Structures are given as structure tokens and as C-alpha cells.
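The shown structure was predicted, so the numbers you read here are calculated from the model rather than taken from an experiment.
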Amino acid sequence: DWLRRRIVRSKGLPQGKNRVHNVGWPRLDALYALQAKYRASPKPTHTRPKVLWAPTHDFRRKGGELAISQSSYPRLLDDLPVLEKHVDLTSSLHPRNRDSKAPTLEQLVEADVVISDFGTMVYEAWALGKPVIFPDWIIRDPIMTYMKPGVTERHIFEHNIGIHAKSIDELIEAAHSRREVDEATRAFLHGDTKALDPSWLGLGLDIHVAEGKLPAAKALVDKALASEDPAFRPAALGTVAGSGRKDVATWLLNGLADPR
């Protein structure tokens, strides 16, 4: 609705409100297609998490003479040498902070974990099942100070939605939580609904199917079809469909027979 209202109010694009309709976020179609292609392609084994740092731009500064940015750019730059010792890091600055204006697509799809601040990158990462880590020691105070109550991004920080790191050490630990996510996912699938942070659901299910192969995929589909959870059911079925495994695809096309 926010974007629709901007278009309707824009003097440069005079459109009647009845001619402008919400159709979702079209770039997700390209991201989903790219993710399916990436999952289906052979990939070398990597032991370190692939982390994407994709901050928002630093042009939105508040506080008068202090000019405090609500972005982790450029302040996180000082911590990158430490971070690079522990993860495979890719950086994609906001187009306003770089010469290339190409969208962040492949880097996002290939990442295991995303570090960001607020804006579309956060929601696109979550839509792809990527956990998002917020560098709170840099951005929490500016966001809580200068963002108005009721703004979605402020709500994220008020309620600690996602993963919030209080230091570079906590951020590194969170980026390495794949094993813990796998264990939490197993507990979640066995009925402990509080074992897994919802922001880790997509990654957790991906790991579960990757580790358990076809038997895990079959069990996950059965559990998803029996579930009425509006978040779990599509996430689980999407994970199996996009697993990139030939045996799983063969079973889905030729072996799955379920009236549900």
C-alpha cells in the first residue's frame, strides 16, 4: 500500500487510484527463479558460511550536526577484516553508495546468511528463507532514536525480529550457527514449536533436506500436507520442490500420490 500511495500521489505520474493495483513484489519472481536454478546446479562443498553484507545507503542522516546514519555503512567496514577471517564474505553496497547500479540478485541467492539494516533487502532475504543478522551495536540506537513509532523497521528492533548481534563476535557466532539451526529444526519438526526462530525456518528446512536427502524430503512433505500453519506449510513444500535433487524431483513427479 505504501508504494501504491506514492504512485497515486506523485505529480510526475498522474494516475487515478482505481488504475493502480497491488500485485506483490515483482522482483521476487526473478529471485525465486534464480534460487531454483542455483539449487539445481552442482556446487563445491564449503565449510565456512557464505555471508552477504548488503547495507542500506547512508544518505538518510539524522541528528543535526551529529549527522548519524541509520545504515551500517560505512561503520561496519572497520570490522570486516575480523569477519573475513571466519566467513566467506561478499559485500554489496546500496546503489547510492556505488558506481554500479545493478541489483543484488546472485549475491543474495548464493548467500547462507545476510547482514543488513532495513529496507527491501531484509524482506527479500526473508522471502528466500535467508536468516538476516542486524548489527545492533551500530544501528539500533539511531533507528530507535530517529524512526517514528509504527514504522515497520522500528518494529523489527523493538521486538527483536530476526537475529540481533550486539558485537562483531556475536555476529560471527550467529553466522556459524548452521549446526545449531539443524538441531533446532529437528526439534521443531518433532513438535517443539519454540525451538526454532521463525527467521531461520527457510535455512533450517534447507539444511534438513540436504542432510536427510529423499527420506527427509518425503517426511517433510507429509508433515507439511498435514499442517495448517500458514508459514510452515508453504516453506516446507517450497524447500522440497526447490531442493535441486534429482531423486526428490522424480518422486514428486512420479511417486507422490496424496489426496491432500
To check you understand the geometry: which heavy-atom pair defines the closest contact between [X] and [Y], and what is its length?
| X | Y | value |
| --- | --- | --- |
| V122 | V132 | O-CG2, 4.0 Å |
| P55 | Y73 | CG-CB, 3.8 Å |
| S71 | T56 | OG-O, 2.7 Å |
| A241 | L252 | CA-CD1, 4.0 Å |
| L201 | A235 | CD2-CB, 3.9 Å |
| V87 | P49 | CB-O, 3.6 Å |

Can you tell me how far the [atom1] atom of [X] sits from the [atom2] atom of [Y], to the nearest 0.5 Å?
| X | Y | atom1 | atom2 | result |
| --- | --- | --- | --- | --- |
| T185 | L205 | OG1 | CG | 6.0 Å |
| R96 | H57 | CZ | NE2 | 5.0 Å |
| L34 | R27 | CG | CZ | 11.0 Å |
| I139 | Q70 | CD1 | CD | 9.5 Å |
| L93 | D99 | CG | CG | 10.5 Å |
| L52 | S91 | CG | OG | 7.5 Å |

> Can you check salt bridge (Lys or Arg N to Asp or Glu O under 4.0 Å) on R48 and D88, steps first, answer last?
Replying inline: CA-CA 6 Å; R48 305 202 314 172; D88 293 335; 2.9 Å; yes
Tell me, do [X] and [Y] make a side-chain contact under 4.5 Å, heavy atoms counted?
| X | Y | answer |
| --- | --- | --- |
| L128 | V114 | no |
| I156 | F118 | no |
| V151 | I143 | no |
| D169 | E173 | no |

Are more than 12 heavy atoms from other residues, nucleotides or ligands located less than 6.0 Å from atom [atom1] of [X]?
| X | atom1 | answer |
| --- | --- | --- |
| E158 | CD | yes |
| H159 | NE2 | yes |
| K85 | NZ | no |

Do the side chain of [X] and the main chain of [Y] share a donor and acceptor less than 3.5 angstrom apart?
| X | Y | result |
| --- | --- | --- |
| T145 | D141 | yes |
| K130 | V109 | yes |
| D112 | K50 | yes |

>> Could you walk me through whether M121 and L108 satisfy the side chain to side chain contact (heavy atoms under 4.5 Å, CB included) test, starting with their C-alpha distance in whole Å, then the side-chain angles of each, then the deciding distance to 0.1 Å, before giving a yes or no?
In response: CA-CA 9 Å; M121 180 56 59; L108 175 57; 4.0 Å; yes
> When you look at L76 and W137, which way does the side chain to side chain contact (heavy atoms under 4.5 Å, CB included) test go after all the steps?
Replying inline: CA-CA 10 Å; L76 190 61; W137 77 96; 3.7 Å; yes
>> Determine whether D117 and I138 satisfy the following criterion, side chain to side chain contact (heavy atoms under 4.5 Å, CB included), listing intermediate values before the conclusion.
In response: CA-CA 10 Å; D117 314 317; I138 295 175; over 6 Å; no
> Between Y123 and W126, what is the ring plane arrangement, given parallel below 30°, perpendicular above 60°, and tilted in between?
Replying inline: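 Correct class here is perpendicular.
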> In chain order, what residues pass the ring-ring contact (aromatic ring centres under 6.0 Å, His included) check against H86, with sequence neighbours excluded?
Replying inline: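 With neighbours one apart ignored, the set is empty.
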>> List the residues meeting ring-ring contact (aromatic ring centres under 6.0 Å, His included) with F157, not counting sequence neighbours, and say none if there are none.
In response: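 Result, ring-ring contact (aromatic ring centres under 6.0 Å, His included) vs F157: F134, H164.
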>> Is it true that W25 and T120 share a donor-acceptor pair across their side chains at a distance under 3.5 Å?
In response: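 Note: T120 and W25 side chains miss the donor-acceptor criterion.
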> Can you list the steps and then say if L31 with Q35 is a side chain to side chain contact (heavy atoms under 4.5 Å, CB included)?
Replying inline: CA-CA 6 Å; L31 285 168; Q35 180 170 260; over 6 Å; no
> Can you name the one residue among S72, S92, S116 that meets side chain to side chain donor-acceptor pair (under 3.5 Å) with W53?
Replying inline: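 That would be S72; it is the only one of S72, S92, S116 passing the side chain to side chain donor-acceptor pair (under 3.5 Å) with W53.
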